[in-house]
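What follows is a short report on a single structure.
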Number of protein chains: 2
Amino acid sequence: MASISVNDVAAAAGVSVGTVSNVLNRPEKVSPGTVARVQAAIADLGFVRNDAARQLRAGRSRSLGLIVLDVANPFFTDVARGAEDRATEEGLAVLLGNTDDSLAREAAYLDLFEEQRVHGVLISPLGDVGDRLTRLRARGTPTVLVDRQTEDRSFSSVAVDDVAGGRLAAHHLVSIGKTRIAFVGGPISIRQVVDRLEGAREAVAKHPSVSLEVIETDALSVLAGRAAGELVLERAPGDRPDAIFAANDLLAIGVLQALNMRGELHVPRDIALIGYDDIAFAAAAVVPLSSIRQPSVLIGYTAVDLLLREAEVGDTFEPEHIVFQPELVVRESTGA
Amino acid sequence: MASISVNDVAAAAGVSVGTVSNVLNRPEKVSPGTVARVQAAIADLGFVRNDAARQLRAGRSRSLGLIVLDVANPFFTDVARGAEDRATEEGLAVLLGNTDDSLAREAAYLDLFEEQRVHGVLISPLGDVGDRLTRLRARGTPTVLVDRQTEDRSFSSVAVDDVAGGRLAAHHLVSIGKTRIAFVGGPISIRQVVDRLEGAREAVAKHPSVSLEVIETDALSVLAGRAAGELVLERAPGDRPDAIFAANDLLAIGVLQALNMRGELHVPRDIALIGYDDIAFAAAAVVPLSSIRQPSVLIGYTAVDLLLREAEVGDTFEPEHIVFQPELVVRESTGA
DNA sequence: TAGCCGAAATGAAACGATTCATTCAGGCAT
DNA sequence: ATGCCTGAATGAATCGTTTCATTTCGGCTA
């Protein structure tokens, strides 16, 4: 029960606590014989470093926080994996926080991470977190925005050009002859949604004969997509769109499930469908899903990389903004 | 830069550090006026508790570790979500560790969690972790096995009866008239895989005319499934199985992708296919996937619940073993 | 007015690892 | 034999919070 401390190890090995610490952290500074003796004592007593004490002294922890909008979205688990890969290389652990579109949870996680004095924070922000992030930075905790840029550009970011992605998607739908496009996505408070819509608008604007309507959803989930799909189904056939651009693949899969439910509609003939993110399951959907691919793992990896660089240079850092380009992936749902 | 401590707050509010701590933790013990003064100082200085110091004093941290086999598997993100839900109710955070079928990573995460003095550990074990878990328990850190029971039953666990699930799946395939069943899964060092196969064997044993072969994979991923599917495709038509039971849905989706690639095979007519886990994407697959459903979110929730109970009673605890029953979900891939 | 009580506030000790200025011992040159 | 140098080891101070035995003080009773 009573925890074994460096003191116990020192006593057992017949050395001072300072030496034990040196064996732990700078073994080359200690004579080989002593190292062996101390290590034997450590193994003997089953000593395990208390990270809290170490952190207290060091002033910061050895983990970094990642706050995402939705862990159930494979896009974010891919980002998380990339982040974990880079973090592990540096001996850091990743704390994963899930906001689930809740401002309260986002704030709670940021507070938690601040109390933990994490090494850095990666966040795909939902609300306005400028104040909290500024405070974190003042404390010396670097922050990188994931999948989004802030307006003031004072924080580093790794993002994908969502406007370009929206443009790609809508342009593709137009190019296969669709004229009544519906954009399914929401809530519109989420930046990614707004940008993708904006891109679609730009692409459609070039073609006067093509219309674009917006069907807003309250989340970016399969369930919300199904609800949107049902809404479309309820309409008179002539009133339905002939193409749907969903703000992400989860929504698209939901829409697809709803459209297929009655069996009277054919995708892509009656309604073409394109999603966003190109998650692994998109290719395996009922009707393999066209999508806009983002380099998700790379995004996570790069974000941590930026974070580490920022932590290294300290005060003198210049925010960096890395923007990846999205890519169109055509499959059956738009008639590949 | 210099971090604000309780000392600074105390000085600013004209009280002692003890009082500041009381305001933070037991405001009812402090007179209203003082509480207000201290809180004003806290807000003023932007003081944020240092969790490391708090933990050091408390002896344990306020987070708990969850080690899963694969975060990219929606089954585990569901478990994680359930765990997070219960943990949040208790003001605890969840540290998510991903082993990715690597023994080294599993060990590394356990070490990390031990150094962090986490409140408890949930683990879906890969290798033999008995020693490490025993040590953790000796230190007073409760452990709950997720989705698996140990042989010695000395650790609490929350699991689903995988043998029953395997039986369900195989029995279903037999009942729709299939006679040459292939089990796709691996590595066979993973308990869940072994159990599901065992269940299938039991079900098949009752029908002398039905054969069961095993196609071992090196992972439980979409990619591994695709490889297995290609293996089947390469065979002469008469030599192929007429039904495939995949050890999880990711594998099943991979198999499905491979089988559909050439377009010469029809699922379920030529080959029926059933997966395991019933992840959200199973219903949306090219051919909607039959599967064995597990109460994933509930598993995570219950596991944390068990953990908390164990932490409360301390030394006198009795390991509990909760076993949920799986459920057959029939869809088109087995001819619904 | 002395004595007592309880609520409120105090502040030193403790948690455990790390750091760094200091001490120690042995070897080498003078 | 003396002084100097270097590599090795020491141990007190430190990080920031919490705890708890002790002190303070205003009010109340006898």
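Here is how names work: the chains are called A, B, and so on, in the same order as the sequence lines, proteins then strands, and each is numbered from 1. Remember, it's a predicted structure, so these values are computed and weren't measured experimentally. Scope of the values below: all heavy atoms of this structure, side chains included, with no hydrogens, waters or symmetry mates.
- Counting non-hydrogen atoms under 4.0 angstrom, B:S31 reaches the backbone sugars and phosphates but no base.
- Comparing atom distances between the A:S16 side chain and each of C:dG16, D:dG11, C:dA17 picks out D:dG11 as nearest.
- With A:V71 as the partner, the side chain to side chain contact (heavy atoms under 4.5 Å, CB included) test is satisfied by one option alone out of A:N73, A:L69, A:V68: A:V68.
- With salt bridges taken as basic N to acidic carboxylate O contacts below 4.0 Å, one links B:R81 and A:D70.
- The distance between atom CG of A:L45 and atom P of C:dG16, rounded to the nearest whole Å, is 14 Å.
- Nucleic acid contact class of B:S21 (heavy atoms, under 4.0 Å, all strands): base.
- Both B:G18 and A:N22 lie close to DNA chain C; mapped to their nearest nucleotides by heavy-atom distance, the more 5′-ward contact belongs to B:G18.
- Taking the charged nitrogens against the carboxylate oxygens, A:R191 and A:D147 have no contact shorter than 4.0 Å, which rules out a salt bridge.
- Looking at A:R57, its side chain comes within 3.5 Å of the base of D:dT14 through a donor and an acceptor atom.
- Between the C1' atom of C:dC15 and the CZ atom of B:R117 lies a distance of 11 Å, rounded to the nearest Å.
- For A:R132 and A:D111, the salt-bridge test passes: some basic side-chain N is under 4.0 Å from an acidic carboxylate O.
- Remark: P of C:dA17 and CD of B:E115 are 10 Å apart, rounded to the nearest angstrom.
- Looking at the side chain of B:V30, the nearest of the listed nucleotides C:dA9, C:dG11, C:dC15 is C:dA9.
- Atom-to-atom, CZ of B:R62 to P of D:dT17 comes out at 13 Å; the value is rounded to the nearest Å.
- Among the atoms of the strands shown, only primed sugar atoms or phosphate atoms (P, OP1, OP2) are found under 4.0 Å from some heavy atom of A:N25.
- Here the C1' atom of nucleotide D:dG16 and the CZ atom of B:F47 are 8 Å apart, to the nearest Å.
- For B:R49, whose side chain is taken as the heavy atoms from C-beta onward, the closest listed nucleotide among D:dT18, C:dG16, C:dT18 is D:dT18.
- The residue A:R26 sits close only to the backbone: its heavy atoms come under 4.0 Å of sugar-phosphate atoms, none of a base.
- One atom, CG of A:N7, and another, C1' of D:dA12, lie 12 Å apart when rounded to the nearest Å.
- Note on B:T34: every side-chain N or O is 4.0 Å or more away from OP1 and OP2 of C:dA8.
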What's the verdict on side chain to side chain donor-acceptor pair (under 3.5 Å) for B:Y301 and B:E89, showing C-alpha distance, side-chain angles and the deciding distance? CA-CA 11 Å; B:Y301 191 92; B:E89 290 174 10; 3.0 Å; yes
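- Look at CZ on A:R37: it is 14 Å from C1' on D:dT10, rounded to the nearest Å.
- Ranking C:dG16, D:dT18, D:dG16 by closeness to the B:N50 side chain, first place goes to D:dG16.
- As judged by a 4.0 angstrom heavy-atom cut-off over every strand, A:V20 is placed among residues making no nucleic acid contact.
- Surrounding CD of B:E28 are more than 12 heavy atoms belonging to other residues, nucleotides or ligands, all under 6.0 Å away.
- Checking C:dT10, C:dA12, C:dA17 against every side-chain atom of A:S5, the shortest atom distance belongs to C:dA17.
- Atom NZ of A:K29 is separated from atom P of C:dT19 by 13 Å (rounded to the nearest Å).
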